[in-house]
Each structure stands twice: as C-alpha cells, then as structure tokens.
Protein chains: 2
Amino acid sequence: MDSQDLKNVGLKATLPRLKILNFLHASPVRHMSAEDVYKSMLETGEDVGLATVYRVLTQFESAGLVTRHHFDEGHSVFELNLGEHHDHILCVKCGKVDEFFDPVIEDRQYDIARNQGYTITDHALVVYGVCPDCQD
Amino acid sequence: MDSQDLKNVGLKATLPRLKILNFLHASPVRHMSAEDVYKSMLETGEDVGLATVYRVLTQFESAGLVTRHHFDEGHSVFELNLGEHHDHILCVKCGKVDEFFDPVIEDRQYDIARNQGYTITDHALVVYGVCPDCQD
DNA sequence: GAGTATATTGAGAAAGATTCGCATTAGTAT
DNA sequence: ATACTAATGCGAATCTTTCTCAATATACTC
Ligand SMILES: [Mn+2]
Ligand SMILES: [Mn+2]
Ligand SMILES: [Zn+2]
Ligand SMILES: [Zn+2]
C-alpha cells in the first residue's frame, strides 16, 4: 500500500493518485509525458481522466515524488524521483533517454553561478546525440 | 543591407525576413519568444504576420542565423546566433537571462557522451537561480 | 459504521503556443 | 516587363495544458 506515501507528502490517498503512483513504479519506461501515462493506463484498464493525470503529476512534482523535464519537444516529460539527481542524454534518432551524473559538471555549475552572483536553485543539462544503436 | 546575408544562407530576401533580421540585430533584448518579436515589431510599426514570424524564426534557425531555446516555460525562446556557443543562467524571480561558457563542462559532456557510445550533436544547459538583484 | 464537511474527480470547454491551408502577393531570373 | 515560383497573411486547425463545475469519494467525528 502506498497510501501512506501519499499522506506523508500531504496528499489525500485517492484512487486515481494511487493508480498513477503505482503505474509509475511499475512502468519499465522511466520518462513519460502526461499523455503517455494517460494512454498507457487506459490500455491497462486503469483509466483515469486526462485532466486528473495532468493535475496529479503536477501535484506529485510539487510533493517531490516526480521530476518534470522540458526536453526539446512540445510537452513535459515526467519521471519518478528516486532521490538521485542526474542529467540526460537523448538520441535524436530513436528518442532513447539515458542518464548520467557527473560531479565535475555539478561543481562547475555552482562555481559559475557563484561567480555571476546567483544563488543556484536548480539546473537542467540535456545532451543530444546519436546513440550506439543508431550509428549510421 | 542584409539582403546578401539571407541569400548567403539560401533564403530569398523578402521584406518580412529583412525586417525580422534587422529587428533582432537592433534589439537590446537578446532572448525573445516569437510573440515577443511579433508584438515588439508591431509597436515599432514594422508589422509582420504572426504566422510569418513563427515561420521565419524557424527558417532562421535551420539556416543557423538564430538559436532556439527551450527554457522551463511553455514557449520557445530565440536569440541571434553570434557564433559563440554559450549556456544560460536564469533568475527564477525576475526572469533575467545571463550567459556563460565553461570549457570544463563542454569537455566533460563530450567525454560522457563518448563513454555512453553517443555521437554528440548538441546540448543545452540551463542553470536556474536567484540573481544578485533579487537576493532577499 | 453512518453522517458530514471538504477535497478530488472527470468531462468538456477554454486557453496558449504553434502550425496549416490557401488565395493573394512579391522575388527572381529570363 | 513577363512569368514562374516561393513567401505572406489571415483564419482555421492542432496540440498541450489548464480551467469550470457538477458529481463523487475521502477523511474525520460521533
Ligand atoms: Mn531521468
Ligand atoms: Mn543566449
Ligand atoms: Zn538511438
Ligand atoms: Zn532576478
């Protein structure tokens, strides 16, 4: 039961929210748009209104349960927040999404922000390229 | 006359395209949405259809004259391509956009891509924070 | 466990950004 | 100047996301 997970972050444990959270945990695909979540859940018979999917994903984001990304597409992409910050590398041919974490880059970002007098709150690094499977 | 600039990149030198290109060069604001460009030009009396602004900015992007960014907003942001690649740091309070270039980060990105078997084509790094003017 | 106050849901309408369709107009090369 | 073709501008259409609101489900009290 994830009921408690929701209550812990201040959200009522409603059926749609539980369904969506369970779906995200069970999905083999980590990065999905709201539409992806909506359609995939329909196929599983777990149907939830599209407006609710959008609302709940936004609530999960505020609660820190999921992270929202703005890749170079026209829509938001969400992923379950597993506690480990990372950045992304996307294949421009097949759309595959890989992840990485680089302490050197993380540190440099803080230095740069500090040098420009900024207090850093977040960052998003997306590398685009051609994945091994899509070469030539 | 920028007529030649347009022809050089394979675009017919039409009045709307010249107006937009001149506007971008003259603007003190470097980062603008299509809507920003459209409205600012209206105010200057240089009016061009909104659809044309969208089309032309996209053509300029393909031609390498401008760069398109996807910051965490619901729309694209364009800037004149002055030939020097750089990344961005945005103030989450006032919306200011600053720029930076860090060779260490650039290099690390290539290493990471190579390690994962990717051929890098592009990247986008956006740092969010609170600018000096917006501290407390 | 039923009763109640209140937050949440779902469906469709609405909004914001961008693209499309097409008749009209403007560049460009004879 | 003429003619061929590409580009423009308008509104309609599309896509993603949010909003409205009546119906419903959750959590709390007794
Ligand atoms: Mn990820
Ligand atoms: Mn810039
Ligand atoms: Zn690929
Ligand atoms: Zn600021």
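Small disclaimer: the values here were computed from a predicted structure and weren't measured. Chain identifiers are assigned alphabetically (A, B, ...) following the order of the sequence lines, protein sequences preceding nucleic acid strands; residue numbering begins at 1 within each chain.
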Could you give the [atom1]-to-[atom2] distance, from [X] to [N], as a whole number of Å?
X: A/Asp36; N: D/dC15; atom1: CG; atom2: P; result: 15 Å
X: B/Phe71; N: C/dA17; atom1: CZ; atom2: P; result: 16 Å
X: A/His70; N: C/dA17; atom1: NE2; atom2: P; result: 13 Å
X: A/His75; N: D/dT14; atom1: NE2; atom2: C1'; result: 15 Å
X: B/Leu57; N: D/dA7; atom1: CG; atom2: P; result: 15 Å
X: B/His69; N: C/dA17; atom1: NE2; atom2: C1'; result: 18 Å
X: A/Leu18; N: D/dA27; atom1: CG; atom2: P; result: 9 Å
X: B/Lys19; N: D/dA7; atom1: NZ; atom2: P; result: 17 Å

Quick tally for nucleotides 19-30 of chain C: nucleotides whose base has a protein heavy atom under 4.0 Å get B, sugar-phosphate-only ones S, the rest -, giving BBB-----BS--
Would you say A/Lys39 has more than 12 foreign heavy atoms packed within less than 6.0 Å of its NZ? no
Crowded around A/Glu84 CD? As in, over 12 foreign heavy atoms under 6.0 Å? no
Assess whether salt bridge (charged side-chain N to carboxylate O under 4.0 Å, His left out) is satisfied between B/Arg68 and B/Glu79, documenting all intermediate values. CA-CA 7 Å; B/Arg68 181 196 301 260; B/Glu79 76 175 306; over 6 Å; no
Of A/Tyr38 and B/Gly74, the one whose nearest nucleotide on DNA chain C sits closer to the 5' end is A/Tyr38
Decide if the gap between the ring center of B/His123 and the ring center of A/Tyr128 is smaller than 6.0 angstrom. no
Please enumerate all residues that pass side chain to side chain contact (heavy atoms under 4.5 Å, CB included) together with A/Ser33, with sequence neighbours excluded. A/Glu35, A/Asp36, A/His75
End-to-end axis angle, where each axis spans five pairs of the helix from C/dG1-D/dC30 to C/dT30-D/dA1, to 10°: 40°
Would you indicate whether the side-chain heavy atoms of B/Thr67 and B/His69 approach each other to under 4.5 Å? yes
Counting C-beta onward and ignoring hydrogens, is there a side-chain heavy-atom pair between A/Asp98 and B/Tyr118 closer than 4.5 Å? yes
Assess the side chains of A/Glu73 and B/His70: does a donor N or O sit below 3.5 Å from an acceptor N or O? no
According to a hydrophobic-cluster definition based on side-chain heavy atoms being under 4.5 Å apart (Ile, Leu, Val, Met, Phe, Trp, Tyr only), do B/Ile120 and B/Val126 belong together? no
Between B/Ser76 and C/dT18, is there a contact of a side-chain N or O with OP1 or OP2 at under 4.0 Å? yes
